[in-house]
Each structure stands twice: as structure tokens, then as C-alpha cells.
Amino acid sequence: MSIVIRNGTIVNATGAYPADVLVEGERIAALAAPDSGLAEQWAAGAERVIDAAGKYVVPGGIDGHTHMEMPFGGTFSADNFETGTIAAAWGGTTTIVDFAVQGKGTSVLSALDKWHSKADGNCAIDYGFHMIISDVNDTSLKEMEACIDAGVNTFKMFMAYPGVFYATDGEILRAMQKARDTGSMIMMHAENGIAIDQLVLQALANGQTDPVQHGLTRPPELEGEATSRAIALAKVTGAPLYIVHLSAAHALDAVTQARDTGQNVFAETCPQYLFLSLEDLARPDFEGAKYVASPPLRPREHQAELWRGLRTNDLSLVSTDHCPFCFKDQKELGRGDFSKIPNGMPGVEHRMDLLYQGVVRGEITLPRWVEISSTTPARMFGLYPRKGVIAPGADADITVYDPTARQTISASTHHMNVDYSAYEGMELTGKVSTVLSRGRVVVDDNAFHGAAGHGRFLKRDLSQYLI
Ligand SMILES: [Zn+2]
């Protein structure tokens, strides 16, 4: 099976240029100058020709932070691996890295088995795993090695959620030492959960129960403090550090400083922190519950700082932290007590589109859009150059993007299994027109042509940003 994508503009992290793409089987076989004899020859012999005139041909997006079917507070996130990966494909994302969860008192490897049984055979696009370590002991530290051999070499820990995922500084230190010794990486949820829990109790005791309290009891200073502490622990241990879902200017300052001194500290942010704010959490009639995620949405002035970070590479990439809970029956668990609202927002479908608005508004360049949504995630998580680039030999994970099409985001048209959109009514410039996953056309002409089970597990190499 050969497919030729003609007349498009290829956009890689290194720049944009016109070229035709020959796809053979699951991989990109070659690129040719448009109108060259070779390109004509390919088109004549191809089983399928996709016309990309006026469109960008970009490497499929890689969302390095999703939570499909994730247990939280007595419920599960609403997308499973099938619905979530189909929604991702609709939005031009062709790889996700999801989080397996080691619960307290359970084994790391059994958690990995459990997540494989949830995902294997159900994904429409390729997928990998990170591992959440919530119980640090001699056994789990040893199991990290087996995990790395199995292609799962990034370990997330929490400075928040005491009693659930929370790790003490001593536990974090031990896990970081193991990461240093094995070339793996600790990913950190950096918020001071011990202080936050007191603020939450005080707010509830004062009868302050609305969703906005979720934001007010998790001030940005406590994200900045935890980020600085994680950076100090990483420095002491000599381990690399990856800060997940960075939301606050205070935390970005700490990351910027660490990077300026040469420390291996990386951070991601998420579209919700670039486009939404504390004002959304303050929406009346419990509407704010739709925007409850941790860290919380911040006052609007943080957004400019995050865009700055994306331009200067102090923020390496953008993931979604996709963790959808329906408004009805799930978010509603927290009516009358904001601390019981499941934490998480939907987003896997719209990351590429939302980030493209950064190009439209002049916040980032076109190649930087590709870099933060695909190329850097591929390198960060050991998938490059199989993923993250349009080049001969790479997997044919390709998104054909129409930069002039218009669309309006709505829960009535999105494909995520959740009953609201955090971006309802938002008008966007740019839209996915065709998506290939390992050489198979999975989205085209406003229809889904893929299948659950097409996606394969990706055994990842170590991060390619570490020497
Ligand atoms: Zn998360």
C-alpha cells in the first residue's frame, strides 16, 4: 500500500518547505521536490493520492500526559483507551503517553500489567506509559528497573494529595537517586499538598464551598515553592527532573533559573493554562466545577509568562493532562464541597488546534508549534526519530492541517466521551483535514476511518535530552 501526499508544505521543528511525501506501508519512504519527475512518478503509481495544496503536512501530535480510565476519588475518568485515542486522532494527535498508577501497598509491575490490560487492543493510535509511583520502598525502587526494561522509564511522583499519591521529600530523594542511577526521569506534580490541605479545611469550615475555592486554596506560591524544592532535591541527587502541568509564573521562574545554571530541569504546560483562567473557575451555578484541575487555573496574567516560556524553551512542550469527568454525576459529586469535585479536564482532542492559535496570534512560530506538540515530546520520551518528524524512515504518523479553515469547539461536535467542553463556543482558525497513523488513514473528510486495536504499545528509549 502506497500513499502520496502532494503539494503540501512540510513543517518540521527545523522549518517549513514544500515537498511531496511517499508513504509505503507503515513508514515514510521518501520526500521529493513537488513537480519533480520523481514526485510525478510516485503519484502515477500510488494507490492513493492525498492533495495537500494550501495545507501543512506535520508530524502527528504526541500528547505526553493523558489519563484514560483513571481512578480518582471513587470514580473513573470518562474516556477509556478507545474513546480517548479516537478523540486524539480527530485532533491530529497520533501518540499518547498515559499514566499507569501504582496504588499504595501494591506492586509497580502489577500496575503496569493492569494498564496494559486496559489499553492493549483498544487504542486507535500508538501509545506508551509513564508510571506513577505512590509507594516508595525497597521493592518498588527495584521494580523501577524492570519497568525501564519494559519501555516505561519516566516515573511520576506527587508533592500534593496527602494520603493518596503524596510522597515525602525523603521518598522523592530515594526515587531520584534511582532515576539518576538508571538514566530514567522523575516527573513531578509540584504543589505543596500539606499546606494546601490546611487551606482547604479552613475554607470548608468557613462555609466556602464553591468551585472557585479550589483555585483560591491552591495559590501559585505553593506551586512555586514545591517546584523549587523538587529542583533542589534533583540537584542534590544529580537526577534530571521533569515538571508536569506547570501553571504558575512562580514555578516557571524556578525552572528558568535552574535551566540557566545548567541543571537538567524540564517542564511542560497545558492548553488550559494558556487559554483559561481563574475567572472560569469562578463561573456561577457550579459551572466552575468544569474547570477544576490541579494545579488550578491561574489569574489571567500568568498566561503571558507561559507563552514567554514556550518561546524561550524554559517550557519544553505542551501536553493536555487529559482527565475528563462528566459534569453530570461526576463533577456533581462536589456540589456543596469543592474538595470532592474530581480533578481533571478534557483536552486531548484540541491540543494541536489550540496551540495553532499561538501561531495565528503571533505568540510562537510555525516550526515551534510542531516542536512543542510533537518533536520535543518524541525526544523527551525516547520516541525520536520514529515519531516527531516528517522524514524518510519515520513512522507515517502524519497530520495534514488546513491553516485557513475555521471551526467552533463544542461538546455537541467533539469526540471525547464527556458531556461538556471547557472551550465551548471558542472560534478557532485552522483544522485537521487528514490524519495517518502508521500509514493508515484514520481521519479524512470529516470521518473516522481507524479502528480500536490499530494502535501499538511503544517501548520507549530513555529521554534523548540526557547525555
Ligand atoms: Zn496528570
Side-chain angles (χ1 to χ4, degrees), residues 61-73 75-81 84-85 87-88 93 95-103 111-112 115 118-119 127-134 152 154-162 164-167 172 175 185-193 196 214-215 218 223 226-227 230 241-248 251 266-274 276 290-298 306 315-325 330-331 341-351 373 377 380-381 416 418 422:
I62 298 173
D63 191 340
H65 190 154
T66 67
H67 300 281
M68 306 303 174
E69 232 180 299
M70 168 156 132
F72 190 98
T75 187
F76 286 84
S77 60
D79 267 316
N80 59 29
F81 280 90
T85 54
T93 288
T95 299
I96 61 164
V97 189
D98 201 271
F99 286 85
V101 183
Q102 178 218 13
L112 186 56
W115 255 259
K118 289 182 193 219
Y127 62 100
F129 292 128
H130 308 289
M131 176 61 68
I132 288 175
I133 301 282
S134 59
V152 176
T154 33
F155 301 94
K156 185 181 181 189
M157 302 184 80
F158 290 78
M159 301 169 99
Y161 303 123
V164 189
F165 295 128
Y166 178 80
I172 291 168
M185 193 153 60
I186 298 297
M187 309 173 85
M188 192 62 71
H189 180 129
E191 283 187 294
N192 184 330
I196 287 168
H214 174 78
R218 308 180 84 94
E223 185 186 345
T227 303
L241 174 66
Y242 181 96
I243 303 290
V244 291
H245 47 47
L246 186 148
S247 72
F266 308 98
E268 65 178 18
T269 189
C270 309
Q272 54 270 33
Y273 304 120
L274 294 165
L276 303 171
K290 295 175 178 175
Y291 301 90
V292 166
S294 295
L297 301 180
R298 300 300 184 187
L306 298 181
L315 293 172
S316 298
L317 63 96
V318 179
S319 305
T320 59
D321 197 10
H322 176 77
C323 192
F325 295 99
Q330 293 195 301
K331 290 289 189 181
I341 300 170
N343 283 208
M345 288 172 56
V348 75
E349 186 168 349
H350 298 298
R351 185 182 62 118
S373 61
M380 190 67 72
F381 302 127
M416 298 176 285
V418 58

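Every number for a ligand or one of its atoms is a count from 1 in the order of the listing. The figures here come from the full heavy-atom set of this structure, side chains too, leaving out hydrogens, waters and symmetry mates.
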Measure from the Zn ion (ligand 1) to each N, O or S atom of Cys323 and report whether any distance is below 2.8 Å. no

Minimum-distance atom from the Zn ion (ligand 1) among N, O or S atoms of His65: NE2

Roughly how far, to the nearest 0.5 Å, is CZ of Phe266 from CE of Met185? 6.5 Å

Of all N/O/S atoms in Asp321, which lies nearest to the Zn ion (ligand 1)? OD1

For Arg298 and Ser247, does a side-chain donor sit closer than 3.5 Å to a side-chain acceptor? yes

With distance as the sole criterion, is a donor-acceptor pair present between the side chains of His130 and Thr154 under 3.5 Å? yes

Suppose we only count N/O/S atoms under 2.8 Å; would His67 qualify as near the Zn ion (ligand 1)? yes

Thr93 and Asp63: side-chain donor and acceptor closer than 3.5 Å? no

